[in-house]
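Just below is one structure, and these are the notes that go with it.
Chain naming here is simple, since letters A, B, ... match the order of the sequence lines and numbering starts at 1 in each.
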Amino acid sequence: MKAKYFSIDDNDMAKVLNNFNISEPKNKDFGDLSTNVSMVLAPVLRENPLVIARTIKEDIISNWDEVDSITIEKPGFINFNFKDSFIREELKKIITEKECFGFNKSGQGTRIQLEYVSSNPTGSLHIGHGRWGVLGDSLANIYSANGYNVFREYYVNDYGAQIKNFANCVKCLYLRHFNIEIPYPEDGYPEASVSIVVGKIIDKHDDKFILHGNENNIVDAAALEEEAVKLMVSHIMDTLSSIGVVFDRWFYEKDLYKDSNFEKVIGKLRDKNVIYEKDGALWFKSSEFGDDKDRVVVRSDGNPTYFASDILYLINKIERGFGTLIYILGADHHGYVKRLKAVGKALGIDEGRIAVVIGQLVRIIKSGKVLKMSRRKGKVYTLRDLILEVGKDSVRYFFCMNSFDTPMDFDIDLAKKRSNQNPVYYVQYTHARIESIIRKIKSSTDTDIDNFNLDEINISEMEFKTKTERDLAKAMIMYPDVIYNSCKNNSPYFVTQYLYKLASEFHYFYNHYRIITKNKVNLNRLALLLLIKIVLKNALKMLNISAPEKM
RNA sequence: GUCCCUGUAGCUCAGGUGGAUAGAGCACAGGAUUCCUAAUCCUGGUGUCGGCAGUUCGAGUCUGCCCAGGGACACCA
């Protein structure tokens, strides 16, 4: 049998390594961990999986110090339990690592840039932007926790046709305020939303942008545009920061065109022979690199397209030395993925360095009905409205609750409920309850909780007197895995799911066992409680959701 | 027409690399508090995993085709 291990050729070995797993079984009764390795080996070794399982059990797993009670089940699963001593060793890490418990170094300091939201500064953020913002921010936290060197960036489109259009709308409404009528742009933005910006400009600057005594040129359009963009960006910044979404850099599109950078890049692309002229426009040969068709870089009127900026920005990111670039885009932008990757390929950038996360769209549900958005009339339920209505914690939790692949419905009524129907409260209540117990210990027992030093707890002597306590301990030591996996899968919702599970186990524990009985504290359980508090806080911090002392 | 996403319990959704009896929450019904916050806990689940084929020891998971819903397909951004 042993000889057979060595007779596996590389091909089969790869297959085995790819397919075998060791994980928590769906059904807890099977044990703490389970592996399918013998079933994966069976076809390769041409041996009954049960026989292989027995060999592995005897020769390998039984030698592991961490493991207790190994069993073999039907098709060939090997199930085993952790020794309590192993769980205790893992628990010690919570005390030594504290707020860093759960972190790992798998990212090896790779510099990684995340770009998200990047909404045009021509209007308020909508609900979807909130989802990308929260997703991006949480993901950034998770990557950091996995040892990456993370940089968060918002790309401001302050260049091109859309911004000109916006500027014209602003100009028109601004002049109208001073009784100068010019026609409102036909494809202009809704007046209702533009007028908010214009109102602010007038409050701040009054008629500063009016050029007096000049018949042909009545307004300083460039300065007005600059001010309008500035106000919009700061409005967006305020909204996002109110839910904890902050950036290391706000990157302005205009900067890409400084110092004739554009001409230089076009020159480079020409040298690489990936660009050509047709119908008076300049085209990029994206179809040669996996896109459906070639794309225009410079229009026949001489203006660069948005795609041109994409190219410049991509090159800029690479030149700044980021190892991996993550783009978080809404589903309405998925068409860009192919051309973006095409540019990467054309420039010889390793494919794995450009990752695109496509998030599906969000609908608002209010009183059981889909809230209809009428952009034209400017009657939009904005992100700011949502934040004001349900609050930061609910916004963050709800946006992290689902896989981003799922189009999501945001149920406003649910998010506002202060009851067990609302998962945010359920999770936060756990923390508040722990704090409450601590207060109680302080006020009505002789245990000196203020000087109760976790470092002094002798975890090695901790006992798991009930299955509940052991399960709680086990749930806690699984937390680092959650952080690792949620990074690997770009899925912050693993953390929300974990939080809910941990909260649920805690509430069960709380309802069935007492920490304080007749003014005496059960120190074993108190220790467990304080450990949960740390893990809970860490997980909440990963999603930037508050851990309240009281509720 | 082409491309992307989705289809799992009444509703909202998990089901990370195929694995054991497909799971949570909500809703609904009943129960629990002399005692640390009842914003809690306990009990109650027969589902054509959208459909049909295929791959294999094994498919909700992989492949193909079909059906349904959402989104994207500009010298707009």
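Taking the nucleotide of RNA chain B with the nearest heavy atom to each of A:Pro407 and A:Ile438, the more 5' of the two is matched to A:Pro407. Place A:Asp405 and A:Met408 on RNA chain B by their nearest nucleotides, and A:Asp405 ends up nearer the 5' end.
Atom C1' of B:U12 sits at a distance of 37 Å from the matching atom of B:A74, rounded to the whole Å. Rounded to whole Å, the P atom of B:U6 lies 13 Å from the corresponding atom of B:G16. Here the separation of B:C41 from B:C3, taken at their C1' atoms, is 50 Å to the nearest Å. Rounded to a whole angstrom, the distance from the P atom of B:U8 to that of B:G47 is 14 Å. As rounded to the nearest Å, B:G31 and B:C49 have C1' atoms that lie 33 Å from one another. Distance noted for atom C1' between B:A24 and B:G1: 41 Å (whole Å).
Counting any heavy atom pair closer than 4.0 Å across all strands shown, A:Lys501 reaches no nucleic acid atom. No contact: A:Asp413 has no heavy atom under 4.0 Å from any strand. Here A:Asn485 lies in heavy-atom contact (under 4.0 Å) with a base. The residue A:His507 sits close only to the backbone: its heavy atoms come under 4.0 Å of sugar-phosphate atoms, none of a base. Among the protein residues, A:Ala281 comes within range of the nucleic acid bases, having at least one heavy atom under 4.0 Å from a base atom. Residue-level contact check: A:Tyr493 touches the backbone only, with heavy atoms under 4.0 Å from sugar-phosphate atoms and none from bases. Within the nucleic acid shown, A:Tyr513 comes within 4.0 Å of at least one base atom, counting heavy atoms only. Using a 4.0 Å heavy-atom criterion, one finds that A:Asp292 contacts no nucleic acid atom at all. In this structure, A:Leu361 reaches the sugar-phosphate backbone alone: every heavy-atom distance under 4.0 Å involves primed, P, OP1 or OP2 atoms, never a base. Looking at heavy-atom distances under 4.0 Å, A:Asp332 makes contact with sugar-phosphate atoms alone, never a base. Within 4.0 Å (heavy atoms only), A:Lys442 reaches no atom of the nucleic acid at all.
If you measure from atom NE2 of A:His512 to atom P of B:C41, you get 10 Å, rounded to the nearest angstrom.
For the pair A:Lys317 and A:Tyr313, the distance from NZ or CZ to the six-membered ring centre is under 6.0 Å and the angle to the ring normal is within 45 degrees.
Aromatic ring centres of A:His129 and A:Tyr116: separated by at least 6.0 Å.
Checking the phosphate oxygens (OP1, OP2) of B:A38, a side-chain nitrogen or oxygen of A:Tyr510 falls inside 4.0 Å. A:Ser403 has no side-chain polar atom (N or O) that falls below the 4.0 Å cut-off from OP1 or OP2 of B:C5. Taking 4.0 angstrom as the limit, A:Arg299 places a side-chain polar atom (N or O) nearer than this to OP1 or OP2 of B:C76.
With hydrogens and angles ignored, no donor-acceptor pair closer than 3.5 Å exists between the side chain of A:Ser436 and the base of B:C36.
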Dot-bracket summary - RNA chain B, pairs being Watson-Crick or G-U whose distances fall under 3.5 Å, with | when paired to another strand
(((((((..((((.....[...)))).(((((.......))))).....(((((..]....))))))))))))....
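The aromatic ring of A:Phe77 stacks onto the base of B:A20, its centre lying under 5.5 Å from the centre of the six-membered base ring with the two planes under 30° apart.
Between the side chains of A:Gln162 and A:Thr122, not a single donor N or O lies within less than 3.5 Å of an accepting N or O.
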